[in-house]
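One structure is given below, encoded as structure tokens.
Since we're looking at a predicted model, the values are computed, not measured. Counting convention: from 1, in listed order, for ligands and their atoms alike.
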Amino acid sequence: MTTATAPALPDVLLPGRLFIDGEWQDAESTETFEVINPALAEPCTEVAEADSADVDRAVRAARAAFESGPWPDMTPRNRGRLLWALAKRLEERKKEVALVETLNNGKPLFESGIDVNMTIETFEYYAGWTTKIEGATIPVSVPGQFAYTRHEPVGVVGAIVPWNFPLNLASWKVAPALAAGCTVVLKPASETPLTALLLADVAREVGVPDGVLNVVPGGGSTAGEALVKHPGVDKIAFTGSTAVGVRIAKTAADTVKRVSLELGGKSPNIVFADADLPAAVKGAIGGIFYGKGEVCAAGSRLFVESSAHDQVVDGVAAGTAKLTVGDPLEKSTRIGAIVSEKQMETVLGYIERGKEEGATVVAGGGRADIEPGYFVEPTVFDGVTNDMTIAQEEIFGPVLATITFDDVDEAIEQANASPYGLAAAVWTSDVKKAHYVAHRLKAGTVWINTYNLYDAANPFGGYKQSGYGRDLGKYALEQYTETKSVWVNLR
Ligand code: NAD
């Protein structure tokens, strides 16, 4: 089977340029890099490649926009109106943006549509917050004194995001940062810079003041690291792998930057025999294979109570075999192309490792027979033990590890036996058991009888090595504000 040719990209991406201080700019070095369409394994455009000199220009622009000019003087109401306008313009350009996301990331078009919808929702949600970031009066016990707090914007935010939800995860940083009154330098992943540039284009169209949002595509160890080191950046908001998160936290410590980290996961999806099993089977399939398994919260470890093993595993294997892998532009496609050749090789390596360590393949098991892109069959392993590599390491691809258990506490113990703690799910019709398990799982999100639900109002983030800080909801705003105590002598 072969994939079709790709539609053209919007002019603004031909080629893509850096967006600094309200203007499209070339890199000072004039270097560019190729952006690959993974479904065709060929370049779709090139983009200017930022290095430390360009990051410095972007940070200076963001600093100037934060300290002077229209941004600090803009009323919260008008800042909210601007965020709302950005959401509305994005809605008007939704089809175009979703198409670009698919051409760049390889995910099916319907998934890109969901990403853009969530991005719109995130900007709408934070548009409403600009007028509600309130301090408090504090009942201090010092005679004759009045004290109150102000929640002031933290300053210049460096946002660094990965390639799996390029636009949506950018919005999880940019929207609350702008709502709080910060300015932003956004560095998208070098694999997927295109929708971040479209976001800049939308911001420009609706009149976000110059320097308030800057976008600097480039490498992690070059542009990314320059942003983390830059003394003009007050806070780094990072989503990505745990290894890079650790490095960022160490580097940021030199300048005592505020840091929030949304990192990797190896999320347990626990199915008890008393669950609605057809629903659990569906949830297990969606939990791992949505987004090709390139999802931080993917339910990559499926724990099944032994008495339900055959029904669940047979159901998951049969359902997985029916998932259509192929051209992400086709309506029927459920599994698109893996984001890059490198990531495809990593995923295939883990599949081989699972076979070597003695797990049994019950669905998929290798590269899909589709040329010329990077396609992997959705793969289900049975007979996995929690100490196997495929149960411990984040694969970040369409690979499910099934583990059998016999009682509730054993399931909880194994589910928690992971360095990660991002998300988890439990399937049961016993309400006491559901909450007992939900309370004991060490995870930032627990779904009961469902999987993969997100909402701009609901916080998301990790326990343990899945990171610290929370995106979304009112909690995210805390990360973009400093609390100032003001004392007034009334005597
Ligand atoms: P990655 O860590 O390799 O890269 C993420 C970003 O960091 C990219 O923009 C990259 O260029 C940049 N980067 C790399 N090295 C850097 C450095 N030394 N200094 C500064 N920036 C640097 O991750 P990825 O491969 O793009 O994405 C996959 C990972 O992201 C997975 O581990 C996944 O679980 C995680 N993720 C987490 C969440 C979450 O919310 N917890 C969401 C999505 C993805």
Side-chain angles (χ1 to χ4, degrees), residues 33 35 47 49-52 55 104-105 107 115 118 122 158-173 185-193 195-196 215-230 233 236-254 257 259-267 288 290-300 338-340 342-344 346-347 350 393-397 418-423 443-445 452 454 458-472 476:
F33 63 99
V35 178
V47 167
E49 180 170 5
D51 65 16
S52 55
V55 168
N104 193 174
N105 167 282
K107 63 177 72 190
D115 286 11
M118 275 205 64
T122 303
I160 302 177
V161 294
W163 44 254
N164 59 338
F165 293 88
L167 176 70
N168 191 28
L169 292 178
S171 77
W172 288 17
K173 318 293 190 201
V185 178
L186 168 64
K187 197 209 79 68
S190 50
E191 293 85 348
T192 54
T195 48
V215 182
V216 287
S221 55
T222 51
E225 196 135 334
L227 197 53
V228 179
K229 283 188 176 151
H230 203 296
V233 173
I236 293 291
F238 174 73
T239 297
S241 62
T242 296
V244 172
V246 168
R247 189 181 167 117
I248 284 177
K250 285 182 182 164
T251 307
D254 286 340
K257 286 187 177 58
V259 176
S260 52
L261 301 174
E262 299 283 351
L263 308 177
K266 193 74 194 174
S267 300
I288 179 63
Y290 186 83
K292 313 161 252 169
E294 294 166 347
V295 179
C296 50
S300 51
I338 300 293
V339 72
S340 66
K342 182 166 161 253
Q343 183 61 13
M344 178 182 71
T346 301
V347 174
Y350 275 112
E393 295 185 12
E394 185 183 43
I395 298 174
F396 225 56
S418 161
Y420 296 112
L422 191 58
T445 294
N452 264 346
Y454 301 88
N458 210 25
F460 183 80
Y463 279 37
K464 301 194 278 183
Q465 292 184 32
S466 290
Y468 45 76
R470 292 292 178 269
D471 278 333
L472 302 180

Less than 4.5 Å apart, side chain to side chain, heavy atoms only: is that true for Val228 and Ile160? yes
Can you tell me which residue and heavy atom of the protein come closest to atom 11 (O) of ligand 1, and the distance to 0.1 Å? Lys187 NZ, 2.9 Å
Heteroatom distance test (Ser190, ligand 1): nitrogen or oxygen, under 3.5 angstrom: no
Just to confirm my output: which protein heavy-atom neighbour is closest to atom 27 (O) of ligand 1, and how far is it? Pro162 CB, 3.2 Å
Cys296 heavy atoms within 4.0 Å reach ligand 1 at atoms 34 (O), 36 (N), 37 (C), 38 (C), 39 (C), 40 (O), 41 (N), 42 (C), 43 (C), 44 (C)
Minimum side-chain heavy-atom gap Phe165-Thr239 below 4.5 Å: no
Numbered atoms and elements of ligand 1 in range of Thr239, under 4.0 angstrom, heavy atoms: 5 (C), 36 (N), 37 (C), 38 (C), 39 (C), 40 (O), 42 (C), 43 (C), 44 (C)
Check ligand 1 against Arg247 and write out every atom of the ligand that is under 4.0 Å from a heavy-atom position of the residue. 18 (N)
Nearest protein heavy atom under 4.0 Å from atom 4 (O) of ligand 1, yes or no: no
OG1 (Thr251) and CD1 (Ile236) are apart, to the nearest 0.5 Å, by 9.5 Å
Show, in sequence, the C-alpha distance, side-chain angles and deciding distance for Gln343 and Thr346, and conclude whether the side-chain contact (heavy atoms from CB on, under 4.5 Å) test is met. CA-CA 5 Å; Gln343 183 61 13; Thr346 301; 4.2 Å; yes
Are any of the side-chain heavy atoms of Trp172 and Leu472 separated by less than 4.5 Å? yes
To atom 35 (C) of ligand 1, the nearest of Gly245, Gly240, Gly265, Ala297 on a heavy-atom basis is Gly240
For atom 22 (C) of ligand 1, state which one of Gly219, Gly220, Gly444, Gly462 supplies the nearest heavy atom. Gly220
Taking side-chain contact (heavy atoms from CB on, under 4.5 Å) as the criterion, tell me which of Val161, Leu169, Asp471 meets it with Glu262. Asp471
For Gly224, the atoms of ligand 1 under 4.0 Å from one of its heavy atoms are 19 (N), 20 (C), 21 (N)
Within reach of ligand 1, part of Phe396 (heavy-atom separation under 4.0 Å): side chain
Residue Pro188 vicinity, atoms of ligand 1 by number, heavy atom under 4.0 Å: 9 (O)
State, to 0.1 Å, how close Gly265 and Ser466 come at their nearest heavy-atom pair, and which atoms those are. CA-OG, 4.1 Å
Shortest protein contact, atom 15 (N) of ligand 1 (heavy atom only): Val244 CG1, 3.5 Å
Nearest non-hydrogen protein atom, atom 18 (N) of ligand 1: Glu225 OE1, 3.0 Å
Quick note on ligand 1: atoms under 4.0 Å from a heavy atom of Leu422 include exactly 41 (N)
Please report which non-hydrogen protein atom sits nearest to atom 23 (O) of ligand 1, along with the residue it belongs to and the distance in Å to one decimal place. Ser241 N, 3.5 Å
Is a donor on one side and an acceptor on the other found under 3.5 Å between the side chain of Lys229 and the backbone of Asp254? no
Among all protein heavy atoms in this structure, tell me which lies nearest to atom 25 (O) of ligand 1, with the distance rounded to 0.1 Å. Trp163 NE1, 2.9 Å
Flag if over 12 foreign heavy atoms under 6.0 Å of CD, Gln465: no
Looking only at heavy atoms, is any part of Asn164 under 4.0 Å from ligand 1, and if so is it the side chain, the backbone, or both, or is it neither? side chain
To which protein heavy atom is atom 34 (O) of ligand 1 closest, and what is the distance rounded to 0.1 Å? Glu394 OE2, 2.5 Å
Enter the distance from Ile248:CD1 to Phe238:CZ here, rounded to the nearest 0.5 Å. 4.0 Å
Contact check, Phe238 vs ligand 1, heavy-atom distance below 4.0 Å: yes
Look only at the side chain of Lys187 and the backbone of Val216, and say whether a donor-acceptor pair between them is shorter than 3.5 Å. no
How long is the span from the CZ atom in Phe396 to the CG atom in Asn164, to the nearest 0.5 Å? 4.0 Å
Which atoms from ligand 1 have a heavy atom of Ile160 less than 4.0 Å away? 6 (C), 7 (O), 9 (O), 12 (C), 20 (C), 21 (N)
Give a yes or no on whether a salt bridge exists between Glu294 and Lys107, defined as a side-chain N under 4.0 angstrom from a carboxylate O. no
Does Glu49 use its side chain to pair, donor to acceptor, with the backbone of Gly218 at less than 3.5 Å? no
So is Trp172 close enough to ligand 1, meaning a heavy atom under 4.0 angstrom away? no
Which residue and atom name correspond to the protein heavy atom nearest atom 8 (C) of ligand 1, and how close is it? Val161 O, 3.4 Å
Leu169 heavy atoms within 4.0 Å reach ligand 1 at atoms 42 (C), 43 (C)
